[in-house]
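Here the structure comes first, spelled out in structure tokens, and everything after it is commentary.
In the text below, chain A, chain B and the rest are named by the order of the sequence lines, each starting its count at 1. Computed from heavy atoms alone, side chains included, the values below leave out hydrogens, waters and symmetry copies. These figures come from a predicted structure and were not determined experimentally.
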Protein chains: 2
Amino acid sequence: MKPILDLQKQLLPDLLDVMRKRYEILRHLQLMQPVGRRSLASALGTTERILRGEVDFLKEQGLVRTDPVGMSLTMQGDTLVADMEPLIKELFGFTDLEKQLARMLNLQKVIVVPGDSDRSDWVKKEMGKAGARLLKQLAHPRQVVAVAGGTTVASVAQMMTATAGLRETTFVPARGGLGETVELEANYIASLMAQKSGGKYRLMHVPDQLSDEAYHTLIREPHIQEMLEILRSARIVVHGVGDAQTMAKRRKSSPDLLEKLKEKGAVGEAFGYYFNAEGEIVHRGHSIGLSLEDLQSVETIIAVAGGSSKAKAVAAVGPVARPDILITDEAAARTILLDLATANTP
Amino acid sequence: MKPILDLQKQLLPDLLDVMRKRYEILRHLQLMQPVGRRSLASALGTTERILRGEVDFLKEQGLVRTDPVGMSLTMQGDTLVADMEPLIKELFGFTDLEKQLARMLNLQKVIVVPGDSDRSDWVKKEMGKAGARLLKQLAHPRQVVAVAGGTTVASVAQMMTATAGLRETTFVPARGGLGETVELEANYIASLMAQKSGGKYRLMHVPDQLSDEAYHTLIREPHIQEMLEILRSARIVVHGVGDAQTMAKRRKSSPDLLEKLKEKGAVGEAFGYYFNAEGEIVHRGHSIGLSLEDLQSVETIIAVAGGSSKAKAVAAVGPVARPDILITDEAAARTILLDLATANTP
DNA sequence: TTCCTCCGGGACAAATTATGTCCCATGTAG
DNA sequence: CTACATGGGACATAATTTGTCCCGGAGGAA
């Protein structure tokens with residue numbers, strides 16, 4: 001990633017989005033010219049009015065010209081598209097990466113955003129944006145969306161915007177409290193998503209440290225039962241993937257547990273379960289909520305995780321949690337591919 | 001110039017403006033910290049509320065921190081300002097150039113925009129934007145702004161946006177018709193400025209080729225007198241500077257005049273007057289309107305002209321028209337400085 | 001020729017966002 | 001103590017964006 005963009009992204013987080021949007025318009029225009037607003041809008045998957053705004057702007061900039069037969073690029077616009085092509089390819093050309101990853105991890109779809117969330121803060125927001133967009137696309141009437149905790153899922157919530165399609169959606173926490181900071185707790189995230197998107201939400205208030213007895217008593221409570229019912233009807237699950245050590249520490253786990261995890265080679269974590277590099281469950285957090293088995297009946301499982309430091313965790317969790325869609329960043333994507341390649345050629 | 005910035009300037013000039021605005025805030029903050037909203041807002045020449053919006057954003061980004069004593073930069077904000085300095089300088093930073101030019105031409109203020117309007121079309125727009133911004137800043141209740149013709153002043157008009165401060169402003173043409181294309185005529189430009197800014201305008205319809213007799217008759221007409229009255233009350237004058245030959249040709253002047261101008265060494269032109277390299281008037285166009293003498297009583301004279309081809313003209317017009325503020329482009333600025341330097345060391 | 005389709009641009013209401021303008025509790029300096 | 005400047009809350013209003021029409025006209029097909 002170019003350092004200039006890194007700086008600019010801090011002051012203009014949606015710089016790349018706007019850039020890509022406008023580039024896409026020019027590019028489509030180049031291929032379809034001369035073309036009218038309506039057909040171009042539908043080709044770009046946007047509305048007529050919004051395209052019109054952009055085209056007016058591009059016209060001001062002298063990149064686009066309009067005739068009675070339709071719109072076309074000016075010479076300046078033509079050279080701009082040509083000049084931008086390598087840059088855009090570098091920034092957004094992750095199609096290959098996405099396809100490779102999808103094949104190797106056996107997923108339905110992979111979305112890669114530019115950057116490395118370990119190094120730049122805005123990359124997480126970028127993943128959040130991608131996640132929010134995805135949820136908007138997948139929106140279904142009266143659906144239930146279960147969300148797990150963690151910073152990455154939190155950033156998806158942060159990036160959601162009001163959409164008509166999500167107004168009838170109920171957001172629920174996938175699991176009860178796991179002893180995290182409140183902003184990273186599934187409960188809080190579910191409510192945030194609902195608030196931002198204009199949907200509904202249900203909370204599940206259960207303590208995070210439970211004796212077996214308390215657990216069994218609690219799970220019989222009618223309102224808990226009701227929540228679990230709702231939870232199992234979830235059509236979509238969104239969860240993050242954590243590094244095992246980091247997650248255990250964040251949850252203030254006992255030194256015993258930390259030791260045990262290390263011993264068993266835990267590398268990844270996803271909504272309360274810890275996995276080793278082979279994708280075997282080595283520990284599960286004591287918490288009420290969606291279990292791995294419940295995931296079978298879920299229509300779409302979305303995993304969101306980035307940063308090269310999480311590459312191993314993502315690769316380990318993949319085979320177990322079986323996400324259908326993975327949203328990650330460039331750094332993680334490349335690292336995973338590299339790891340898989342070296343593993344296959346020992 | 002980094003190629004990526006060049007592309008961005010074409011595709012997202014609006015965003016770059018936002019970027020500069022935010023950078024300015026950070027920069028001021030760095031120098032004044034800790035500081036409150038109100039004093040910072042007045043230092044930046046913006047309103048409290050609008051600054052507040054930006055600061056909220058910058059706080060989100062973790063660049064700014066607020067304490068009860070005021071706002072200050074975080075460490076991240078500090079390093080960002082440092083890192084961005086060269087970038088901003090490259091994009092907008094012609095402060096040195098501006099100061100040098102202001103000193104050498106003895107002007108109150110010089111604004112330099114990047115590029116060369118001879119080579120890139122968007123540079124003229126950039127000057128226009130600078131001019132429009134300036135007018136907005138200088139806005140005064142119930143003021144009169146007189147504008148001359150020409151492509152550069154036209155681009156100022158083009159770039160103006162609706163502003164409350166300009167609602168009570170009356171735009172008037174500085175001089176009557178001078179035989180130019182309608183889009184470049186002062187009349188049209190005055191009306192365009194009014195339309196874009198939401199202000200008022202008055203037009204002056206006088207033919208451009210007049211016999212002495214007709215001139216003297218016309219000038220006694222009540223409505224012409226009234227216009228001249230208004231014109232002389234102008235607080236601000238905006239004019240362009242033209243290359244003498246080009247202007248004469250554009251106005252379809254007679255071969256005689258062309259010859260005469262060449263003979264007398266005319267290099268520059270400003271609202272109807274032609275100057276030689278020494279800044280002496282060698283010819284004045286026959287047209288009713290603001291004369292050079294009238295300029296004495298004007299509060300602010302703004303000259304807008306760019307392109308290295310106009311460097312000589314600008315330098316020649318400067319001493320006579322005595323603009324207070326000059327808006328030009330990088331190419332013209334550098335050429336003028338170079339010319340002055342070589343002239344002083346023969 | 002006539003009809004038909006698609007073009008850009010105008011218009012306008014609704015929704016959303018930005019902005020101006022207060023006020024207030026609080027911390028700080030004198 | 002007083003006096004003042006601070007950030008943040010609240011809220012009406014202005015401004016902008018967006019969705020959704022319509023229209024006259026150019027171009028192509030019959």
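- Counting heavy-atom neighbours within 6.0 Å of Phe94(A) CZ, excluding the residue itself, gives a total above 12.
- Rounding to whole angstrom units, CD of residue Glu60(A) and C1' of dG9(C) are separated by 15 Å.
- Rounded to a whole Å, the CG atom of Leu29(B) is 12 Å from the P atom of dT6(D).
- Neither side chain, Gln76(A) nor Gln61(A), offers a donor N or O lying under 3.5 Å from an acceptor on the other.
- dG8(C) atom C1' lies 12 Å from atom CG of Leu51(A), rounded to whole Å.
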Enumerate donor-acceptor pairs with a distance under 3.5 Å from any side-chain N or O in residues 48-58 of chain B to protein atoms, sequence neighbours excluded.
residue: Glu48(B); atom: OE2; partner: Arg37(B); partner atom: NH2; Å: 3.2
residue: Glu48(B); atom: OE2; partner: Arg38(B); partner atom: NH1; Å: 3.4
residue: Glu54(B); atom: OE1; partner: Arg22(B); partner atom: NE; Å: 2.6

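- Residue Leu58(A) contributes atom CG, which lies 14 Å from atom P of dG8(C) at whole-angstrom precision.
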Worksheet item: Quick one: what's the B/S/- string for nucleotides 18-30 of chain C, heavy-atom cutoff under 4.0 Å, read 5' to 3'?
Response: -BBB-B---SS--
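- Rounding to whole angstrom units, CG of residue Asp14(B) and P of dT16(D) are separated by 14 Å.
- A straight line from CG of Leu40(A) to P of dC6(C) spans 15 Å, rounded to a whole angstrom.
- Around NZ of Lys136(A), the count of heavy atoms belonging to other residues, nucleotides or ligands within 6.0 Å exceeds 12.
- For the OP1/OP2 pair of dG9(C) and a distance below 4.0 Å, the side-chain nitrogens and oxygens of Thr66(A) include at least one atom meeting the criterion.
- Within a 6.0 Å radius of CG in Asp14(A), other residues, nucleotides and ligands contribute more than 12 heavy atoms.
- Phosphate proximity of dT16(C) to Thr161(A): absent, as no side-chain N or O sits under 4.0 Å from OP1 or OP2.
- Residue Asp67(B) contributes atom CG, which lies 9 Å from atom P of dG7(D) at whole-angstrom precision.
- Under a 4.0 Å N-O distance rule, the pair Lys124(A)/Asp329(A) does not qualify as a salt bridge.
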